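Below is one structure; the comments refer to it alone.
Chain identifiers are assigned alphabetically (A, B, ...) following the order of the sequence lines, protein sequences preceding nucleic acid strands; residue numbering begins at 1 within each chain. The structure displayed is predicted, hence computed values, not measured ones.
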Amino acid sequence: MEGIRTRDFSLKYTFESAQPLSFYADFEGNEITFPYGHSMVSLKLEGDSKSGIFYIKGVRGDTKFGVAEAKRIFRLKDDMGKIYKSIASDPFMAEATQRYVGMRLTFNDPWITTLSFLVSQFNNIKRIRLIIKRLMDRFGSEIVYDGKVIGKSFPEAQSLASASIQDIWKCGAGFRSEYIKTTAEYCTNNINLHDLMGKNYEKLKEALLEMRGVGDKVADCIALMGYGKLEAFPIDTWIKRTVENIYFNKRKKTIKEIHKFAEERWDGLAGYAQQYLYWHGMHYLR
DNA sequence: ACCCAGGCGGGCG
DNA sequence: CGCCCGCATGGG
């Protein structure tokens, strides 16, 4: 089985840090298993976060998954040394990047990202995971290998578009159920999310904001993790709290002011700064 | 029991 | 534009 040499790659932090993978993958013993299209993929990292080898352990099902896909999903071409040098310009970020060395942003399918962050709003990580798992169980399709059902795929937009709000509700999605159905319909009938891939960040965000249940924060999450726009800076309660505490001496700031601050400070790498700020800030301020 | 969570839409001034 | 409110639900 071929392996990928890695530097500054922590599968654990990348998995855990509240990105779409954390919502539908399983992680144990430096091994991650998740549905990719109509395959179940399992990958394993040997070594440590400083230097390791990343193996594709198994791809069971009809969808191809190889080294190129692994590199893309985990953004293994990003030079973390350079990124750290650029974003860790103060003690807090220096500590964040040292403590969580190897935490990567992930590059996810736009629809997976959209559904994941629709569920995430006004919610907590554990429950996001619970709801996504239920949606997969109820609306995903069976992944069959060697005549056996070995898992469920991430639910397609069409599947949720044709579901009733009540059935989505039963998965625990609550008031988000209507957002999910409406946006699933929109993505099935009105646009193809993949067609937005060529747009620049501003145009992309504008288009994403058209979707029901997608506001400023969720649009930035989709731009960052579904389209790889590293200048996107999603501002949730923890980012707001952390930025106010660390950079503004606990003074309240508006979302607009925080966007301006992030753009000036981290520019094209604001998204990476945000991921470290979020994860470190959440543990630090709790 | 009470409080909160990777926010958003709607209604108001 | 800004502000305020309600929103389901499971875990601490």
Side-chain angles (χ1 to χ4, degrees), chain A residues 13-25 96 100 103-108 110 112-135 137-138 163-186 205-227 229-230 232-246 251-260 262 270-286:
Chain A
Y13 292 144
T14 303
F15 165 76
E16 285 177 347
S17 57
Q19 300 189 237
L21 277 174
S22 3
F23 305 146
Y24 68 94
Y100 300 108
M103 183 169 68
R104 303 253 173 176
L105 282 168
T106 56
F107 202 155
N108 307 270
I112 291 180
T113 314
T114 299
L115 179 58
S116 294
F117 285 102
L118 276 181
V119 172
S120 81
Q121 63 177 78
F122 196 46
N123 214 338
N124 60 60
I125 295 170
K126 192 160 277 184
R127 224 173 72 83
I128 296 164
R129 198 179 158 80
L130 179 68
I131 295 167
I132 296 280
K133 291 278 188 192
R134 286 174 180 162
L135 289 171
D137 198 46
R138 174 68 182 77
S164 69
I165 291 180
Q166 199 175 21
D167 281 346
I168 298 172
W169 200 286
K170 281 179 190 160
C171 296
F175 65 90
R176 305 165 195 82
S177 305
E178 185 265 328
Y179 302 163
I180 293 170
K181 179 170 168 61
T182 306
T183 289
E185 285 173 338
Y186 184 71
K205 190 167 174 183
E206 198 177 304
L208 295 174
L209 286 169
E210 292 299 311
M211 298 194 286
R212 176 81 178 160
V214 175
D216 182 75
K217 189 269 179 184
V218 170
D220 273 329
C221 281
I222 302 169
L224 182 59
M225 298 173 210
Y227 292 87
K229 299 297 186 189
L230 296 184
F233 189 83
I235 302 172
D236 71 322
T237 51
W238 288 107
I239 288 290
K240 184 168 185 298
R241 219 172 285 173
T242 305
V243 169
E244 286 168 349
N245 264 272
I246 306 298
R251 296 206 323 278
K252 293 292 175 195
K253 290 288 157 187
T254 64
I255 300 293
K256 205 171 172 180
E257 288 171 319
I258 296 175
H259 273 306
K260 182 167 180 283
Y272 257 112
Q274 176 274 164
Q275 193 63 19
Y276 281 86
L277 206 53
Y278 165 71
W279 202 238
H280 185 42
M282 190 176 76
H283 292 92
Y284 180 82
L285 293 176
R286 178 163 280 173

Within the 4.0 Å heavy-atom criterion, would you say A:I131 contacts the bases, only the backbone, or no part of the nucleic acid?
nothing
Taking the minimum atom-to-atom distance to the side chain of A:K256, which one of C:dC1, C:dT9, B:dG7 wins?
C:dC1
Should the heavy atoms of other residues, nucleotides or ligands under 6.0 Å from OH of A:Y284 be counted, would the total exceed 12?
no
Base, sugar-phosphate, or nothing: which does A:S17 touch, judged by heavy atoms less than 4.0 Å apart?
base
What integer distance in Å separates A:E210:CD from B:dC8:P?
15 Å
Name the closest nucleotide to the A:Y179 side chain, picking from B:dC8, B:dG10, C:dT9.
B:dC8
Grab the CD1-P distance between A:I239 and B:dG7 for me, whole Å please.
11 Å
Separation between CD1 of A:I239 and CZ of A:F233, rounded to the nearest 0.5 Å:
5.0 Å
Presence of salt bridge, A:E178 and A:R212, under 4.0 angstrom
yes
A:I128 near the nucleic acid: base, sugar-phosphate alone, or nothing, with a heavy-atom cut-off under 4.0 Å?
nothing
Phosphate OP1/OP2 of C:dG12 contacted by A:K126 side-chain N/O (<4.0 Å)
yes
Under 4.0 Å between a side-chain nitrogen and a carboxylate oxygen: does that hold for A:K170 and A:D167?
yes
Could you tell me the separation between the CE atom of A:M282 and the P atom of B:dC4, rounded to a whole number of Å?
16 Å
Nearest heavy atom decides the nucleotide; on that basis, is A:L209 or A:R176 closer to the 5' end of DNA chain B?
A:R176
Expressed in angstrom and rounded to an integer, what is the separation of A:Q121 atom CD from B:dG9 atom P?
7 Å
Separation of C:dT9 C1' from A:K133 NZ (nearest whole Å)
19 Å
Which of C:dC7, B:dA5, C:dT9 is nearest the side chain of A:F175? It is C:dC7
Pick base, sugar-phosphate or nothing for A:E178, based on heavy-atom distances below 4.0 Å to the nucleic acid.
nothing
Whole Å only: how far is the CD1 atom of A:I132 from the C1' atom of C:dG10?
15 Å
Any salt bridge between A:D220 and A:K229, counting N to O under 4.0 Å?
no
Integer-rounded Å distance: B:dG7 P and A:W238 CH2:
11 Å
Can you identify which nucleotide, out of C:dT9, C:dC1, C:dG10, has its nearest atom closest to the A:N124 side chain?
C:dG10
5′-ward residue of the pair A:V218/A:R127 relative to DNA chain B:
A:R127
Would you mind classifying the nucleic acid contact of A:R129 as base, sugar-phosphate or nothing, using non-hydrogen atoms under 4.0 angstrom?
nothing
Write down the distance between CZ (A:R212) and P (B:dG9), rounded to a whole number of angstrom.
6 Å
Are a donor atom and an acceptor atom from the side chains of A:Q19 and A:S17 found within less than 3.5 Å of each other?
yes
Give one of base, sugar-phosphate or nothing for A:T237, where a contact means two heavy atoms less than 4.0 Å apart.
sugar-phosphate
Does the side chain of A:R286 get closer than 4.0 angstrom to OP1 or OP2 of B:dC3 through an N or O atom?
no
